[in-house]
Number of protein chains: 2
Amino acid sequence: MKWLTDEEQSAWRAFLHATTLLEDHLDRQLQRDAGIPHMYYALLSTLSETPGRSMRMTELAEQTKITRSRLSHAVARLEGNGWVRRENCPTDRRGQVCVLTDEGFAEVERTAPGHVTAVRAAIFDRLSPEQTRQLEEISRVIAEGLHHPASADVPWQR
Amino acid sequence: MKWLTDEEQSAWRAFLHATTLLEDHLDRQLQRDAGIPHMYYALLSTLSETPGRSMRMTELAEQTKITRSRLSHAVARLEGNGWVRRENCPTDRRGQVCVLTDEGFAEVERTAPGHVTAVRAAIFDRLSPEQTRQLEEISRVIAEGLHHPASADVPWQR
DNA sequence: TGTGATTTATTGAATATTCAAGAAATTCGT
DNA sequence: ACGAATTTCTTGAATATTCAATAAATCACA
């Protein structure tokens with residue numbers, strides 16, 4: 001059993017603290033300004049940057065790294081707000097396309113500046129360009145490792 | 001209004017993906033192996049490393065960066081598992097001391113190896129020592145900025 | 001073509017988190 | 001010492017997330 005070195009332990013603690021505080025902070029900021037959690041905003045934002053402002057459910061779940069179940073619940077809620085609507089997928093009758101409404105797009109436009117400011121203030125105004133590059137690379141490595149988890153590629157488990 | 005540069009946007013996206021996937025991964029791992037979410041494990045782990053294996057509620061909330069309300073609910077649940085118990089604080093009758101039980105300590109000992117392995121596999125086995133140092137420094141900067149939020153220090157808002 | 005496996009998306013129940021409110025004890029300022 | 005303000009912790013309701021199960025459509029391929 002290989003434990004964490006002192007350096008790793010201390011880095012892990014710092015990382016946990018940073019991510020816990022950041023999530024909490026952004027959730028609060030967006031809950032206050034838009035009435036939705038951060039992840040819901042990320043859905044709207046992702047759709048707003050997509051050609052056609054729409055995406056298949058599974059594709060949207062993959063891009064935002066959340067489960068389909070979570071996405072279904074979230075989209076149901078956002079649909080209630082009138083910020084998103086579902087349409088049948090023309091090429092696959094199992095599929096649903098999640099479409100950002102004009103109201104949803106307007107909501108992103110309205111709240112984006114405040115959100116970006118919060119992200120800047122919490123992160124990029126505090127990091128050097130070099131650190132920003134480092135953070136991106138480190139994040140890529142971690143995400144890469146989790147996106148193709150070993151266990152999911154073991155044939156005999158399926 | 002100052003937007004994010006391309007480098008910042010791309011770093012932000014990568015960071016969000018990494019943290020979302022990581023949280024999800026660790027929650028699943030601990031839910032499977034210990035029946036509790038990652039944050040609950042962090043509470044037990046923090047207590048297990050504290051002299052006396054006990055801590056005031058507020059202190060525990062601060063160390064783990066969660067709200068007191070969340071901690072109250074979490075401790076109530078862990079108390080139900082028999083892994084923690086509450087005692088009255090001898091020096092402040094408002095206070096409660098959260099004590100890790102022997103069963104709770106045993107549970108940490110039992111599940112720590114699997115958890116550490118998961119953390120290593122996701123993060124430290126993939127990062128160079130240099131990147132580990134970078135991650136710690138970046139995390140410190142971010143956490144530092146959020147722990148003393150400007151708005152909380154503005155007297156006329158209180 | 002037909003059939004079993006897979007993919008897509010949703011649902012409801014169980015669990016977790018947030019938020020606002022509140023009770024009790026302590027501290028502050030005079 | 002007194003009352004107002006603060007701190008500590010909890011609670012219940014509203015919301016969000018996970019998990020397992022499900023239905024429907026498509027795919028793989030003999």
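Lettering follows sequence order; numbering is per chain, from 1.
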Q: Using a strict cut-off of less than 4.0 Å between a Lys/Arg side-chain nitrogen and an Asp/Glu carboxylate oxygen, indicate whether B/Glu8 and A/Arg120 qualify as a salt bridge.
A: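 Yes, charged N to carboxylate O under 4.0 Å.
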Q: Kindly indicate whether the side chain of A/Ser69 and the base of D/dT17 share any N or O donor-acceptor pair separated by less than 3.5 Å?
A: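 Absent.
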Q: Select one nucleotide: of C/dC19, C/dT11, D/dC9, the one nearest the side-chain heavy atoms of B/His73.
A: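 Side chain of B/His73 sits closest to C/dC19.
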Q: So what does B/Arg32 touch, heavy atoms closer than 4.0 Å: a base, only the sugar-phosphate, or nothing?
A: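 Nothing, no heavy atom under 4.0 Å.
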Q: From C-beta outward on A/Arg94, which listed nucleotide comes closest to its side chain: C/dT15, C/dT6, D/dT7?
A: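 Out of C/dT15, C/dT6, D/dT7, the nucleotide with an atom closest to A/Arg94's side chain is C/dT6.
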Q: Which is more 5' along DNA chain D, the nucleotide nearest A/Arg93 or the one nearest A/Gln31? Just name the residue.
A: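 That would be A/Gln31.
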Q: What contact category does B/Asp24 fall into here, base, sugar-phosphate, or nothing, at under 4.0 angstrom with non-hydrogen atoms?
A: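 Here B/Asp24 touches the backbone only, sparing every base.
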Q: Starting at CE of A/Met39 and ending at C1' of D/dT18, how long is that distance when rounded to a whole Å?
A: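 Spelled out: CE on A/Met39 to C1' on D/dT18 is 14 Å.
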Q: Using atom CG of B/Asp27 as one end and atom P of C/dA14 as the other, report the distance to the nearest whole Å.
A: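 Going from B/Asp27 (CG) to C/dA14 (P), I get 20 Å.
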Q: Classify the nucleic acid contact of B/Asp92 as base, sugar-phosphate or nothing, counting any heavy atom under 4.0 Å across all strands shown.
A: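 The residue B/Asp92 makes sugar-phosphate contact but no base contact.
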Q: For the pair made of CD in B/Glu23 and P in D/dT18, what is the distance, rounded to whole Å?
A: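 It works out to 9 Å between those atoms.
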Q: Measure centre to centre between the rings of A/His147 and B/His17, then say whether the value is under 6.0 Å.
A: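 No, the ring centres sit 6.0 Å or more apart.
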Q: With a distance cut-off below 6.0 Å to the six-membered ring centre and an angular limit of 45° from the axis, does A/Arg77 pair with A/Tyr40 as a cation-pi contact?
A: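 Not satisfied by the 6.0 Å and 45° rule.
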Q: Between A/Gln96 and B/Thr67, which has a closest nucleotide on DNA chain C that is more 5'?
A: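 First, find each residue's nearest nucleotide; the 5'-ward one identifies A/Gln96.
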Q: Measure CZ/A/Arg77 against P/D/dT17 and give the value in whole Å, please.
A: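 Taking CZ of A/Arg77 and P of D/dT17, I get 10 Å after rounding.
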Q: Ignoring the backbone of B/Arg56, work out which of D/dT8, C/dA9, C/dA16 is nearest its side chain.
A: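 Closest nucleotide among those given: D/dT8.
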Q: Check the distance between D/dT15's P and A/Arg28's CZ and give it to me in whole angstrom.
A: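 About 17 Å, once rounded to whole Å.
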Q: Quick check on DNA chain C: between B/Thr91 and B/Gly35, whose nearest nucleotide comes earlier from the 5' end?
A: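 In this pair, the answer is B/Gly35.
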Q: Consider the side chain of A/Ser72, meaning its heavy atoms from C-beta on, and name the nucleotide among C/dT18, C/dT11, D/dT10 that approaches it most closely.
A: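 Within the option list, the nearest is C/dT11.
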Q: Please pick, from D/dC19, D/dT10, C/dT18, the nucleotide with the shortest atom-to-atom distance to any side-chain atom of B/Arg70.
A: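 So the nucleotide nearest the side chain must be C/dT18.
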Q: Checking all strands, does B/Arg68 fall into the base, sugar-phosphate, or nothing category for heavy-atom contacts under 4.0 angstrom?
A: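 Base, at least one base atom sits under 4.0 Å.
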